[in-house]
Amino acid sequence: MAVVFGLFLLVVLFFVGRLSYLTLIVGPENAETAISGRTETITVEAKRGTIYDRNGNVLATSVDATTIYCNPSEVTDPSGLADTLVQLFGGVKSDYTKKLASTSTFVYLYKKADVDVASTLKDMGYDGVYFLSDSKRVYPYGQTAGQVIGLCDTDGNGIAGLELYYDDVLSGEDGEIVAEYGKGGYPIAGGQQQTVAATDGQDIVVSIDIEMQEYLEERLTQAVSDIEGNRGDSIIYDGATGEILAIASTPYLNPSDRSTVEEGATTLMPINTMYEPGSIFKSVTMAAVLEAGVLTPESEIYCPAYLEADEYTVSDAHTRASQTFTLTQILAESSNVGTSLAAAELGFGPLYDKILEYGFAQKTGVDFPGESAGSCTEQSTWSLVRSYNVSFGQGISVTPLQMARFYGALANDGVAYQPHFLLSYPQTGEESTYEGTKLITSSTVDSLTGMLEAVVTEGTGTKAAIDGYSVAGKTGTAQYADDSGTYVEGSYDISFIGYLPDTDSDLVCFVGVTEVPGDRSTATAFKDIMTFAINHYKIAAQ
């Protein structure tokens with residue numbers, strides 16, 4: 001009896017243990033698996049912050065939209081629904097019927113539809129179709145400043161320009177809705193529901209002046225056409241603050257119309273692309289020479305018609321006889337030979353040190369994606385011809401923004417600021433602040449400004465002259481290399497950069513055009529853009 005009772009007890013304990021295992025362990029696991037297998041998570045996008053220009057004009061904002069989704073198992077008329085979607089949103093019927101045949105309980109039919117169009121579909125009362133409040137990005141000024149503002153993808157993420165650089169600030173944090181579905185994919189009444197609210201992104205105010213930007217783009221387009229160049233770029237930069245008021249390069253980008261995006265339209269050349277600057281870089285050499293005190297604007301240098309350097313010859317752009325120039329005349333006439341000899345007086349090691357000290361061959365730190373640092377090889381590797389070439393802007397690569405920063409320091413008594421777009425976060429009242437760096441001594445600035453004024457009054461930049469104002473600036477003509485690395489003959493990258501001394505403004509304007517045939521100038525375009533700025537900002541001569 002004891003043996004039988006013991007065996008019976010073991011059997012009972014086995015079944016009790018098995019029942020406990022199934023109830024307490026397997027049951028909850030299966031239940032959890034079952035619930036997770038029949039739930040869907042829907043992302044609720046945060047409303048993206050607005051981008052304003054410096055005067056409060058809306059450059060990019062998010063407006064109400066509707067995202068449409070469905071549970072295919074609930075749709076009773078998939079063919080009719082597909083026909084309606086084609087009529088309302090375009091596309092081909094097969095794209096929609098494929099979605100409607102899905103075995104999933106959740107399928108997007110159309111993201112970020114216009115609210116009115118989505119309402120039309122909603123009024124038709126199709127079974128299994130649902131609507132989610134959403135937002136979409138719009139750009140009121142179209143292509144104007146489009147390269148600066150950038151783009152968002154279909155999910156609202158920044159992919160270019162300021163939309164990308166400040167994506168973390170603008171995007172906010174998405175929310176979500178979790179819904180439970182029963183057998184056959186039908187919603188369970190009273191089933192598991194969870195909603196996490198979205199946190200909207202912050203607004204930003206940037207330095208762009210949309211009216212200045214619009215004129216700059218129009219005039220740059222005209223300049224490229226007039227002088228038969230390939231591409232053009234231009235900047236209006238405030239040397240007193242580092243703010244970029246207008247900046248562009250052709251071809252332009254229209255973030256509101258992506259049906260035809262030209263090659264290169266998403267590249268903002270003044271920031272993203274380095275190039276050999278040519279003669280506008282001579283001001284850098286002259287600043288270094290003047291800073292060292294080895295020469296003055298009145299110092300005379302005998303300039304032969306050409307210089308022998310290694311197995312090469314250095315000459316000026318235009319044939320001339322050997323003659324003696326002052327340092328001022330060398331810059332005014334844009335003499336390659338004279339600049340080379342002035343640099344040799346300084347020494348190429350000290351010149352290289354000043355190039356780095358002035359901020360070349362390093363990023364400016366501008367708040368924009370893809371900035372190029374430019375390039376300048378170690379001076380110890382320079383041959384004699386390379387040393388001469390660097391002094392007048394060949395054999396070194398810079399960005400137009402780096403040049404604008406340098407000339408901005410000349411306009412601002414030698415103090416340089418970090419170029420930037422961001423001004424403030426209006427919702428919090430926080431403002432961006434930057435400290436200036438004394439880059440060039442005041443005495444050097446005064447001397448070099450006088451030399452640059454001579455470029456406009458009697459040198460290569462006379463077309464940049466503006467009635468009633470002093471203009472200090474420099475023309476640039478640079479050779480460029482083809483795909484094989486050989487300089488192209490008879491075609492040049494040309495530019496003009498300058499500022500308005502003796503005024504209450506420290507604005508700098510750069511205008512450049514690439515691959516220009518023959519001897520041409522962007523000085524006239526500079527004059528027109530700067531004249532617009534004078535009238536627009538009421539710049540007064542002092």
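This one's a predicted model, so the numbers in the text were calculated from it and none came from an experiment.
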From CA spacing to verdict: side chain to side chain donor-acceptor pair (under 3.5 Å), Tyr252, Thr221: CA-CA 9 Å; Tyr252 304 131; Thr221 299; 3.2 Å; yes
With Ser62, the side-chain hydrogen bond (donor to acceptor under 3.5 Å, both in side chains) member among Arg137, Lys136, Arg48: Arg137
Verdict with supporting geometry, Lys527 and Thr531, side chain to side chain contact (heavy atoms under 4.5 Å, CB included): CA-CA 6 Å; Lys527 173 184 177 180; Thr531 298; 4.1 Å; yes
Exercise: do Tyr480 and Ser491 side chains pair donor with acceptor under 3.5 Å: yes
Residues Leu290, Leu327; criterion side chain to side chain contact (heavy atoms under 4.5 Å, CB included); working and verdict: CA-CA 10 Å; Leu290 293 169; Leu327 201 64; 4.1 Å; yes
Minimal non-hydrogen separation, Glu217 against Ala248, with atom names: CG-CB, 3.8 Å
Heavy atoms from other residues, nucleotides or ligands near CD of Glu489 exceed 12 (cutoff 6.0 Å): no
Exercise: identify the closest heavy-atom pair between Pro419 and Ile244: CB-CD1, 4.3 Å
Exercise: do Asp413 and Ser442 side chains pair donor with acceptor under 3.5 Å: yes
Sub-4.5 Å side-chain heavy-atom contact between Arg54 and Leu423: yes
Partner of Thr364 by side-chain hydrogen bond (donor to acceptor under 3.5 Å, both in side chains), out of His420, Glu371, Arg405: Glu371
Pair Lys474-Ser334, side-chain donor/acceptor within less than 3.5 Å: yes
Min side-chain heavy-atom separation Ile236-Ile247 under 4.5 Å: no
Flag if over 12 foreign heavy atoms under 6.0 Å of CD, Glu435: no
Check: Tyr312 ring centroid to Tyr388 ring centroid under 6.0 Å: no
Backbone N/O of Asp446 and side chain of Thr449: donor-acceptor pair under 3.5 Å: no
Any side-chain heavy-atom pair of Tyr52 and Val206 under 4.5 Å: no
For Phe526 against Ala464, the heavy-atom pair lying closest together: CD2-CB, 3.7 Å
Asp316 side chain vs His318 backbone, donor-acceptor pair below 3.5 Å: no
Stepwise side chain to side chain donor-acceptor pair (under 3.5 Å) test for Tyr407 and Ser283: CA-CA 9 Å; Tyr407 277 80; Ser283 299; 2.7 Å; yes
Check: Tyr469/Asp502 side-chain N/O donor and acceptor closer than 3.5 Å: no
Any donor-acceptor pair under 3.5 Å from Thr326 side chain to Gln329 backbone: yes
OG1 on Thr522 to CG on Asp493, rounded to 0.5 Å: 11.0 Å
Heavy-atom pair with the smallest gap, counting every atom of Ser322 and Ala305: OG-N, 3.0 Å
Sole residue of Ile159, Leu164, Asn254 in side-chain contact (heavy atoms from CB on, under 4.5 Å) with Leu151: Ile159
Gap separating the CZ atom of Arg520 from the CD1 atom of Ile227, nearest 0.5 angstrom: 7.5 Å
Heavy-atom donor-acceptor pair, Asn535 side chain to Lys538 backbone, under 3.5 Å: no
Leu401 vs Val366 side-chain heavy atoms within contact, under 4.5 Å: yes
Sub-6.0 Å ring centroid separation between Tyr434 and Tyr417: no
Heavy-atom closest contact (Leu500 atom, Thr503 atom, distance): O-OG1, 2.8 Å
Pair Phe368 + Tyr165: ring centers closer than 6.0 Å: no
Donor-acceptor pair, side chain of Glu453 and main chain of Ala472, under 3.5 angstrom: no
Atom pair CD (Gln418) and CD (Glu243), whose distance is rounded to the nearest 0.5 Å: 12.5 Å
Test item: side-chain donor near acceptor, Glu291 and Thr444, under 3.5 Å: yes
Nearest-0.5 Å distance, CZ of residue Phe348 to CG of residue Leu346: 8.5 Å
Donor on one side chain, acceptor on other, Gln222 and Glu218, under 3.5 Å: no
Flag for Tyr487-Gln394: side-chain donor and acceptor within less than 3.5 Å: yes
Short side-chain to backbone donor-acceptor contact, Thr313 and Ala309, under 3.5 Å: no
Side chain Thr50, main chain Asp203, donor-acceptor under 3.5 Å: no
Other residues, nucleotides, ligands: >12 heavy atoms within 6.0 Å of Glu431 CD: no
Interatomic distance, Ser234 atom OG to Phe496 atom CZ [nearest 0.5 angstrom]: 12.0 Å
Main-chain N/O of Gly142 paired with Ser256 side-chain donor or acceptor, under 3.5 Å: no
Student check: side-chain heavy atoms of Ile271 and Ser372 closer than 4.5 Å: no
Lys354 (side chain) donor-acceptor with Thr285 (main chain) under 3.5 angstrom: no
Flag side-chain contact, heavy atom, 4.5 Å: Asp504 against Gln542: yes
Closest approach of Ala454 to Ala332 (non-hydrogen atoms, all atoms of both residues): O-CB, 4.0 Å
Side-chain donor or acceptor of Thr273 paired with backbone N/O of Thr267 under 3.5 Å: no
Euclidean distance, Tyr352 OH relative to Thr381 OG1, rounded to 0.5 Å: 8.0 Å
SB check Arg219 Asp528 (cutoff 4.0 Å): yes
Residue pair Tyr275 / Pro400, side-chain heavy-atom distance below 4.5 Å: yes
Working for side chain to side chain contact (heavy atoms under 4.5 Å, CB included), residues Met212 and Ile210: CA-CA 6 Å; Met212 185 74 244; Ile210 201 64; over 6 Å; no
Flag side-chain contact, heavy atom, 4.5 Å: Leu452 against Val471: no
Worked verdict on Ile235 versus Leu245 for side chain to side chain contact (heavy atoms under 4.5 Å, CB included): CA-CA 8 Å; Ile235 309 172; Leu245 280 67; over 6 Å; no
Ser375/Ser397 under side chain to side chain donor-acceptor pair (under 3.5 Å): CA gap, chis, key distance, verdict: CA-CA 5 Å; Ser375 176; Ser397 295; 5.5 Å; no
